[in-house]
Amino acid sequence: MHTGVKITAFAAALAATFGTAYGVGAGVGPVVAGEERPAARHGERQPGGHGERDAAGHDAPAARAPGGLQVSERGHTLALEPSALRAGERGELRFRVTDAHGRAVTAYEREHGKELHLVLASRDLTVYRHLHPVRGADGTWSTPVELPRAGDYRAFADFTPAGGAALTLGADLAVSGAYRPAAPPAPNRVAEVDGYRVELAGTPVPGRAAGLTLRVSRGGRPVTDLQPYLGAYGHLVALRAGDLAYLHVHPHEGPAGPEVSFTATAPSPGAYRLFLDFRHGGKVRTAAFTVHAH
């Protein structure tokens, strides 16, 4: 089994995150039209390296803060439009990505079949959605969304502007309704979702790369015919507890299950929440994990 990873929208100082298991989530976006094929190989994409320039033409620093912590970076800003999202009700989220001159960005590189990936996560890390909004001609993105619980959320826009480097920008989002604090997700190494069992092997180590393998089974039998989702057999989004530092991880080339392998480096000790998206039987499912790196 190959190990390796495509890392998007994270600074060079923050290579990856990871997970053990906890409960389940169910947040997916539309599948790319046409047949999806797994990428032959995923390399690392670490923005902010030597020689990059920001939207204003200035040299970018060699290392930056983790992705998703800033609403504005390298001349680009995530601008959420006012929204009245209520818990348990279907609503619409609209936003723009603007450049250093305040103009809406309308040209993007396609990454894994999409120009932009939108992730919504509650601050307590119990709710997660991975969405793929639609961009209008004026650069405004929109997507329907229904969030089950009231409270504070973080919206992450993961994208690469045309001719630029990968970025993940984050902005706070409030969902109204009766708010009841949830207990922090408990760490374990098994997640059950929609009849599937996902098991995590491997332990992350702060400051050092470590292999992680997720094994998918159903009814006690290994799943050996996973279907590509956005060009890969699995996607991981990891969020650091406390500040929700963001990382999008992609697996290396490998068979269609039952195992999907990654390599990740914990940026610091602490608790992390990881969400694995995988596709089988024509449906994308999300298994959620919690891990403590030390």
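Keep in mind it's a predicted model, so treat the numbers as computed, not measured. The first residue in the sequence is number 1, and the count goes up from there.
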*Hey, does Val145 have a side-chain heavy atom less than 4.5 Å from the side chain of Leu120?*
yes

Sidechain-backbone polar pair: Arg285 side chain, His280 backbone, donor-acceptor under 3.5 Å:
yes

In short, Gly68 meets Arg154 closest at the heavy-atom pair O-NH2, 3.0 Å

Might you work through the side-chain contact (heavy atoms from CB on, under 4.5 Å) test for Leu244 and Phe156, ending with a clear yes or no?
CA-CA 10 Å; Leu244 271 63; Phe156 301 94; 4.0 Å; yes

**Prompt:** Within the distance-only criterion (no hydrogens, no angle test), does the side chain of Ser217 pair as donor or acceptor with the backbone N or O of Tyr196 below 3.5 angstrom?
**Reply:** no

Within the 4.5 Å heavy-atom criterion, are Phe262 and Leu214 side-chain neighbours or not? yes

Interatomic distance, NE2@His294 vs OG@Ser268, rounded to 0.5 Å, equals 13.0 Å

Quiz item: Within the distance-only criterion (no hydrogens, no angle test), does the side chain of Gln227 pair as donor or acceptor with the backbone N or O of Gly282 below 3.5 angstrom?
Solution: yes

The reported gap from OG in Ser176 to CG in Leu85 (rounded to nearest 0.5 angstrom) is 7.5 Å

* Ring centers of His235, Tyr229 separated by less than 6.0 Å -> yes

Measure the shortest side-chain to side-chain distance between Thr168 and Val119 over non-hydrogen atoms and say whether it is less than 4.5 angstrom.
no

| Flag, side chain of Arg135 to backbone of Thr106, donor-acceptor distance under 3.5 Å | yes

So OG1 of Thr143 and CG of Leu131: to nearest 0.5 Å the spacing works out to 4.5 Å

The reported gap from CZ in Arg90 to CG in Leu147 (rounded to nearest 0.5 angstrom) is 11.5 Å

Quick one: are Asp277 and Leu230 in side-chain contact, heavy atoms under 4.5 Å?
no

Any carboxylate oxygen within less than 4.0 angstrom of a Lys/Arg side-chain nitrogen, looking at Arg123 and Asp172?
yes

Closest heavy-atom pair, Gly102 versus Arg96, reported as atoms and distance to 0.1 Å, is O-NH2, 4.5 Å

* Asked: Any side-chain heavy atom of Thr140 sitting closer than 4.5 Å to one from Glu81?
  -> yes

Answer yes or no: is there a side-chain heavy-atom contact under 4.5 Å between Arg129 and Pro148?
yes

Query - Main-chain N/O of Ala165 paired to Arg74 side chain as donor or acceptor, under 3.5 Å - result: yes

Nearest heavy-atom approach of Ala191 to Ala287 is CB-CB, 3.9 Å

inquiry  = Evaluate Asp152 against Asp124 for side-chain contact (heavy atoms from CB on, under 4.5 Å), listing each step before the verdict.
reply    = CA-CA 8 Å; Asp152 295 326; Asp124 60 14; over 6 Å; no

Rounded to the nearest 0.5 Å, the CD atom of Glu199 sits from the OG1 atom of Thr213 at a distance of 11.5 Å

Here the gap from Glu92 atom CD to Ser142 atom OG, rounded to the nearest 0.5 Å, amounts to 4.5 Å

Nearest heavy-atom contact between Arg279 and Pro228 is NH1-O, 3.1 Å

Report yes or no: does Arg86 contribute a side-chain atom to a donor-acceptor pair with the main-chain N or O of Glu89 at less than 3.5 Å? no

Between Glu109 (side chain only) and Gly163 (backbone N and O only), is there a donor and an acceptor less than 3.5 Å apart? yes

Notebook entry, point to check: Yes or no on side-chain contact (heavy atoms from CB on, under 4.5 Å) for Val198 and Leu276, after CA distance, side-chain angles and deciding distance?
Noted result: CA-CA 9 Å; Val198 184; Leu276 171 70; 3.8 Å; yes

Does Ser122 reach the main-chain N or O of Thr126 with its side chain, forming a donor-acceptor pair under 3.5 Å?
yes

Query raised in the report: So do Val127 and Val175 actually touch side chain to side chain, heavy atoms under 4.5 Å?
Result: no

| said: Using only atom types and a distance under 3.5 Å, with no angle test, would you say the side chain of Arg273 pairs donor to acceptor with the backbone of Leu125? | reply: yes

Can you check whether Glu115's main-chain N or O pairs, donor with acceptor, with His132's side chain at less than 3.5 Å?
-> no

- prompt: Tell me, do Leu69 and Asp243 make a side-chain contact under 4.5 Å, heavy atoms counted?
  reply: yes

Here the pair of heavy atoms bringing Pro133 nearest to Leu116 is CG-CD2, 3.8 Å

query: After noting the C-alpha distance and the side-chain angles of Thr98 and Ser72, does the key distance pass the side-chain contact (heavy atoms from CB on, under 4.5 Å) rule?
result: CA-CA 9 Å; Thr98 61; Ser72 185; over 6 Å; no

The single option from Leu118, Val97, Leu78 that satisfies side-chain contact (heavy atoms from CB on, under 4.5 Å) with Phe159 is Val97

Measure centre to centre between the rings of Trp141 and Tyr108, then say whether the value is under 6.0 Å. yes

